[in-house]
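The block underneath contains the structure these notes are about, expressed in structure tokens.
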Amino acid sequence: EIVGDTAGNFLKYAIIMIVVYLLSETIDTFITVSNLGSWAKFGYKFKLIISSILLPLLRILIPAVMILILNKKNKKPLTTMICAVTAARIPVIISSLVYLLDRVKIKYISYVTSPIGTLCTALSAVLLFFVVKYAFEEKEDSETLKKFAIIQLVTAGLISVVNLVFNTIF
């Protein structure tokens with residue numbers, strides 16, 4: 001339904017989910033930065049905070065743009081693809097919120113949060129597969145799988161390059 005929406009009906013929900021994702025990742029980073037103590041370099045702390053904002057955005061934008069680039073037959077607006085990819089990332093967003101419980105240092109909570117995180121990541125990948133399938137209007141799963149693999153590999157590669165460049169700068 002989201003992939004077929006060209007009117008932008010889901011855009012406000014996508015923006016809310018992206019803001020929740022950014023807040024969750026940024027809060028986690030602030031907890032990490034506060035635990036580093038005063039001995040850590042300012043540049044390192046700054047890099048952590050910037051990457052906590054940049055990387056979640058890239059995890060949504062790169063697949064959305066890749067779908068647009070590879071999809072020559074069924075062009076859809078970028079906002080539609082961002083909404084669809086954000087919807088596919090909802091399990092990961094939930095996982096990042098659950099992981100904040102782990103940061104509170106509740107005894108044995110990681111026995112619960114770790115499997116939830118793994119499950120949410122897998123579920124998000126499956127949902128993104130279906131976003132790709134419906135965006136390309138593919139009938140064959142094998143064709144969808146090829147495009148999905150390309151999108152995932154390019155996303156991982158670009159995020160790795162951004163991390164490498166970002167770590168070199170600071």
Side-chain angles (χ1 to χ4, degrees), residues 2-3 10-11 13-37 39-72 75-100 102-103 113-114 116-133 135-136 144-170:
I2 295 173
V3 173
F10 296 99
L11 186 59
Y13 300 114
I15 290 170
I16 291 169
M17 292 311 300
I18 291 169
V19 168
V20 168
Y21 192 23
L22 291 173
L23 284 173
S24 174
E25 293 292 319
T26 305
I27 290 169
D28 177 55
T29 301
F30 274 116
I31 292 170
T32 300
V33 167
S34 69
N35 290 337
L36 289 176
W39 57 267
K41 292 182 187 176
F42 173 77
Y44 179 69
K45 291 179 180 181
F46 181 72
K47 176 187 75 166
L48 287 175
I49 293 167
I50 295 299
S51 67
S52 74
I53 296 167
L54 184 64
L55 292 177
L57 289 175
L58 289 177
R59 288 184 188 113
I60 292 170
L61 287 176
I62 294 171
V65 170
M66 285 299 303
I67 290 170
L68 286 179
I69 290 171
L70 295 175
N71 196 355
K72 301 203 184 326
K75 288 289 184 188
K76 307 221 185 299
L78 178 61
T79 54
T80 300
M81 290 299 95
I82 289 172
C83 291
V85 172
T86 301
R89 299 286 297 168
I90 287 175
V92 172
I93 296 167
I94 292 169
S95 173
S96 71
L97 290 169
V98 169
Y99 182 70
L100 287 176
D102 196 35
R103 303 293 291 186
T113 58
S114 180
I116 289 173
T118 302
L119 176 67
C120 287
T121 301
L123 183 57
S124 182
V126 171
L127 291 173
L128 187 59
F129 174 83
F130 285 107
V131 166
V132 171
K133 183 175 180 81
F136 285 93
T144 303
L145 187 59
K146 289 175 191 173
K147 292 171 182 168
F148 172 74
I150 290 168
I151 291 167
Q152 289 290 79
L153 288 170
V154 169
T155 301
L158 288 175
I159 287 176
S160 295
V161 167
V162 168
N163 269 330
L164 181 65
V165 168
F166 206 68
N167 286 329
T168 306
I169 292 173
F170 291 105

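All values reported here derive from a predicted model rather than from experimental measurement.
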Checklist entry - Do the side chains of L58 and L158 get nearer than 4.5 Å, heavy atoms only? => result no
Checklist entry - Which pair of non-hydrogen atoms, one from M17 and one from I93, has the smallest distance, and what is that distance? => result O-CD1, 3.7 Å
Next on the checklist: When you compare the side chain of V131 with that of L127, does any pair of heavy atoms fall below 4.5 Å?
Outcome noted: no
Item to check | Spacing of OG belonging to S114 relative to CG belonging to L119, to within rounding of 0.5 Å | outcome: 11.0 Å
Item to check | Candidate pair N163 and L55, rule side chain to side chain contact (heavy atoms under 4.5 Å, CB included), full reasoning | outcome: CA-CA 9 Å; N163 269 330; L55 292 177; 3.5 Å; yes
Checklist outcome for this item: On a heavy-atom basis, the closest approach of I18 and L57 is CG2-CD2, 3.8 Å
Checklist entry - Does the side chain to side chain contact (heavy atoms under 4.5 Å, CB included) test come out yes or no for Y13 and T86, once each step is laid out? => result CA-CA 9 Å; Y13 300 114; T86 301; over 6 Å; no
Next on the checklist: Tell me the closest heavy-atom pair linking Y21 and V92, and the distance in Å.
Outcome noted: OH-CG1, 3.7 Å
Checklist entry - Could you state the interatomic distance from CZ (R59) to CG (L128), rounded to the nearest 0.5 Å? => result 13.5 Å
Next on the checklist: Strictly distance-based, threshold 3.5 Å: is any side-chain N or O of S24 a donor or acceptor partner for the main-chain N or O of S96?
Outcome noted: yes
Checklist outcome for this item: For P56 and E25, the nearest pair of non-hydrogen atoms, with its separation, is CG-CG, 3.6 Å
Checklist entry - How long is the span from the CD1 atom in I62 to the CD1 atom in I69, to the nearest 0.5 Å? => result 10.5 Å
Checklist outcome for this item: All heavy atoms of A135 vs all of N71, minimum pair found to be O-ND2, 2.7 Å
Item to check | The single option from I150, V85, L145, T144 passing side-chain contact (heavy atoms from CB on, under 4.5 Å) against V132 | outcome: T144
Checklist entry - Could you give the distance from CE (M66) to CD (Q152), rounded to the nearest 0.5 Å? => result 10.5 Å
Checklist entry - Checking K75 side chain against L68 main chain: does a donor-acceptor pair fall under 3.5 Å? => result yes
Checklist entry - Would you find a donor on one side and an acceptor on the other, under 3.5 Å apart, between the side chain of T121 and the backbone of G117? => result yes
Checklist entry - If you round to the nearest 0.5 Å, how far is CG of L54 from CD1 of I49? => result 13.5 Å
Checklist entry - Between T29 and S52, which heavy-atom pair has the shortest distance, and what is it? => result OG1-CB, 2.9 Å
Next on the checklist: Applying salt bridge (Lys or Arg N to Asp or Glu O under 4.0 Å) as the test, list every pair that has at least one member in residues 147-161; sequence neighbours left out.
Outcome noted: E138-K147
Checklist entry - Taking the side chain as C-beta and beyond, is there a heavy-atom pair between R89 and I60 under 4.5 Å? => result yes
Checklist entry - Can you tell me how far OG1 of T79 sits from CD1 of I15, rounded to the nearest 0.5 angstrom? => result 9.5 Å
